[in-house]
Amino acid sequence: MKLGVLYGFFKKEIIALLRSPVLMVAVLIMPVVQMVLLSGAITFQADNLRLVIKSAPNDVVAERIYNRAIGSGFFVDAGVDANRAAVDSVQSGAADVAIVMPDGGLTRSLVRGGAEIQILIDSMNILKAHSIEAYLRAIIARVLADETHWVGRRPIDFNVRVLFNPQLNTKFFMVPSMVAILVFLALLILISVSITKEKESGTMETLISAPVSKYDIILGKVLPYVVVSFVVMLTIVIAGILIFGVPFVGAQFMFLLAFLVFCVPACGIGVWLATYTQTQQQAMLGLIIVAFLSLMLSGAIISTENMPIVLRWISYINPLSHYSFLVRNIMLKGPDWLYFVRHAGAMVVAGAVIWAVALRRFKTTL
């Protein structure tokens with residue numbers, strides 16, 4: 001391809017983008033806003049859990065469990081009437097969890113040689129329910145061990161170290177995921193809408209009749225938006241580091257290389273999608289379908305390990321899966337070239353197949 005032709009396409013696409021303020025905002029500004037809002041709002045950590053404890057008066061151990069639960073920051077007082085039944089508190093939605101101490105109080109039962117604590121959890125939200133159970137088990141075990149010395153000596157001591165995200169901060173997971181997702185969406189929207197717009201306005205026939213090949217047209221449509229998507233990615237990463245304090249311990253060169261490799265299948269999907277649409281409205285509808293399925297089966301937000309085997313295999317060939325894994329690995333863990341080659345190779349193979357289909361479709365539909 002001649003550099004003059006490529007420069008002409010590049011200039012044309014950038015000017016068209018600058019002349020569309022709505023598209024400019026959607027592509028350059030909204031990704032940062034979405035990253036800030038979603039990374040700050042979506043969390044797998046449960047807090048502000050409304051707690052109520054039913055126990056006998058002057059139950060010292062029960063009071064210590066309650067105080068430690070409130071002091072942990074995960075629980076708050078449900079503010080339920082003391083005379084109200086624990087089951088009614090949870091059933092009515094006034095409390096997320098209720099702890100029912102044994103008759104006569106937990107302290108008295110422990111002195112007698114054993115006790116049974118009943119925990120009633122609202123499991124309408126299964127993730128919250130699992131968090132509540134884990135929090136309370138840890139808090140109760142700590143109180144019994146520290147305050148009453150009820151727990152005996154274990155034959156094995158565990159030394160647990162949480163690596164790469166010791167604070168278990170959900171934002172360290174969400175920001176790299178949002179980088180991959182928003183770059184993918186930017187490439188899909190810009191490329192597919194740009195090609196479809198040429199069809200809808202009738203200018204695609206002019207491009208075809210010009211002394212340029214279909215490869216010149218496709219490359220001229222793809223390269224400008226790869227540059228724009230790189231700016232989007234860089235902006236999101238900087239915002240994530242400055243606003244949420246997400247670390248970046250990997251190599252910048254590997255991060256850039258991962259982006260360029262991902263552009264191969266992502267741009268191919270954008271071109272392939274544009275071959276099936278004749279209007280921008282059709283293109284946007286197709287984008288919603290493709291983006292939703294890619295996101296749900298990518299592991300960027302929802303884990304794919306527990307999916308049925310068929311869906312899990314689909315996630316293995318999904319380029320967004322491999323790119324999200326790479327972004328997270330490079331930002332939080334650091335450079336690992338063997339890991340990089342494995343996922344980059346999968347993206348290249350998927351990109352080759354997608355581009356083969358897209359180029360064939362592009363030829364037959366124009």
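These numbers come from the heavy atoms of this one structure, side chains and all, not from hydrogens, waters or symmetry mates. Since the structure is predicted, the reported quantities are computational estimates derived from the model, not experimental observations. Just so you know, residue 1 is the first one in the sequence shown, and it goes up from there.
Taking 4.5 Å as the limit, every side-chain heavy atom of V348 sits out of range of all side-chain heavy atoms of V264. C267 places a side-chain heavy atom less than 4.5 Å from the side chain of V226. Between F230 and L260, every side-chain heavy-atom pair lies at or beyond the 4.5 Å cut-off. Using a 4.5 Å cut-off on side-chain heavy atoms (C-beta onward), S194 and Y225 make contact. You'll find the side chain of I241 stays beyond 4.5 Å of the side chain of I238, heavy atoms only. Looking only at side-chain heavy atoms (C-beta outward), R312 and S315 come within less than 4.5 Å of each other. Between W355 and V271, some side-chain heavy-atom pair lies under the 4.5 Å cut-off. Side-chain atoms of I140 and I119, non-hydrogen and from C-beta on, do get closer than 4.5 Å to each other.
Taking N329 as the reference, nothing meets the side-chain hydrogen bond (donor to acceptor under 3.5 Å, both in side chains) condition, with sequence neighbours excluded. Considering only residues two or more places apart in sequence or on other chains, R137 meets the salt bridge (charged side-chain N to carboxylate O under 4.0 Å, His left out) condition with E133. Every residue two or more places apart in sequence or in another chain was checked for a side-chain hydrogen bond (donor to acceptor under 3.5 Å, both in side chains) with S324, and none qualifies.
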(message) Set out, in order, the CA-CA distance, both residues' side-chain angles and the distance that settles side chain to side chain contact (heavy atoms under 4.5 Å, CB included) for L51 and I99, then state yes or no.
(response) CA-CA 8 Å; L51 170 67; I99 303 177; 3.9 Å; yes
(message) Is there a side chain to side chain contact (heavy atoms under 4.5 Å, CB included) between D122 and I132? Walk through the geometry before answering.
(response) CA-CA 9 Å; D122 184 354; I132 292 173; over 6 Å; no
(request) Verify side chain to side chain contact (heavy atoms under 4.5 Å, CB included) between V97 and R50, making sure each step is shown before the conclusion. (result) CA-CA 6 Å; V97 56; R50 295 163 298 170; over 6 Å; no
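Of the candidates F262, F340, F255, F259, F340 is the only one forming a side chain to side chain contact (heavy atoms under 4.5 Å, CB included) with L326. Residue H343 forms a ring-ring contact (aromatic ring centres under 6.0 Å, His included) with just one option from Y323, Y316, W337, F325, and that option is F325.
Under the 4.5 Å side-chain heavy-atom criterion for grouping Ile, Leu, Val, Met, Phe, Trp and Tyr, Y339 is connected to F253 within one hydrophobic cluster. In this structure, F172 is a member of the same hydrophobic cluster as L242, with clusters built from ILVMFWY side-chain heavy atoms closer than 4.5 Å. Linking ILVMFWY residues whenever their side-chain heavy atoms come closer than 4.5 Å, directly or via other members, leaves L320 and I317 in distinct clusters. Hydrophobic clustering (side-chain heavy atoms under 4.5 Å, transitive across Ile, Leu, Val, Met, Phe, Trp, Tyr) keeps L293 apart from V353. The hydrophobic cluster containing L256 does not contain V249, counting ILVMFWY residues as joined when their side-chain heavy atoms lie under 4.5 angstrom apart, directly or transitively.
Counting only distance, with no hydrogens or angles, the side chain of K199 and the backbone of T277 share a donor-acceptor pair below 3.5 Å. Remark: the backbone N or O of I314 is not paired with any side-chain donor or acceptor of N318 at under 3.5 angstrom. Judged by distance alone, with hydrogens and angles left aside, the side-chain atoms of T275 form a donor-acceptor pair with the main-chain N or O of W272 at under 3.5 Å. One N or O on the side chain of S298 and one on the backbone of L295 form a donor-acceptor pair closer than 3.5 Å.
Across all their heavy atoms, V246 and K171 have their closest contact at CG2-O, 3.9 Å. Between D77 and G79, the shortest heavy-atom contact is OD1-N, 2.7 Å. When all heavy atoms are compared, the tightest approach of M254 to D336 is CE-N, 3.7 Å.
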